[in-house]
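A short write-up of the structure that comes next.
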Amino acid sequence: MPTDPVGRFLAALDPEHRKDIGARPREEQEQLAAAWERELESDDELDTLDELSPPAAEAEAARRVLERETD
């Protein structure tokens, strides 16, 4: 399991998005990973999900970050 924020963010993504984001410049990956970590820290709903399934909470936070990016 990756320990750096970018690696953890990429691991939380579905395979299609992982490939797309993995091909982007490292700086952009770091910005998305930082947004992902903020999402995990700030959303109480994700805290509850994290207690039940940490991978599901991480995947949901990643989905939200990518959704905001495309808006």
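For E30 and R8, the salt-bridge test fails: no basic side-chain N is under 4.0 Å from an acidic carboxylate O.
No donor-acceptor distance shorter than 3.5 angstrom exists from the side chain of R24 to the backbone of Q29, with no hydrogens or angles considered.
With contacts defined as side-chain heavy-atom distances shorter than 4.5 Å, the pair R26/Q31 does not qualify. Residues R64 and L46 are in side-chain contact: their nearest non-hydrogen atoms beyond the backbone lie under 4.5 Å apart.
One finds the CD atom of E39 at 12.0 Å from the CD atom of E37 (value rounded to the nearest 0.5 Å). The CD atom of E67 sits 8.5 Å away from the CD atom of E60 when rounded to the nearest 0.5 Å.
Between L10 and G22, the closest heavy-atom pair is CD2-N, 4.0 Å.
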Worked verdict on W36 versus E58 for side chain to side chain contact (heavy atoms under 4.5 Å, CB included) | CA-CA 8 Å; W36 173 72; E58 291 181 351; 3.7 Å; yes
How far apart are the C-alpha atoms of L66 and L13, what are their side-chain angles, what is the distance that settles it, and do they pass the side chain to side chain contact (heavy atoms under 4.5 Å, CB included) test?
-> CA-CA 9 Å; L66 292 181; L13 295 170; 3.3 Å; yes
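Side-chain contact annotation: D14 with H17, donor-acceptor N/O pair under 3.5 Å present.
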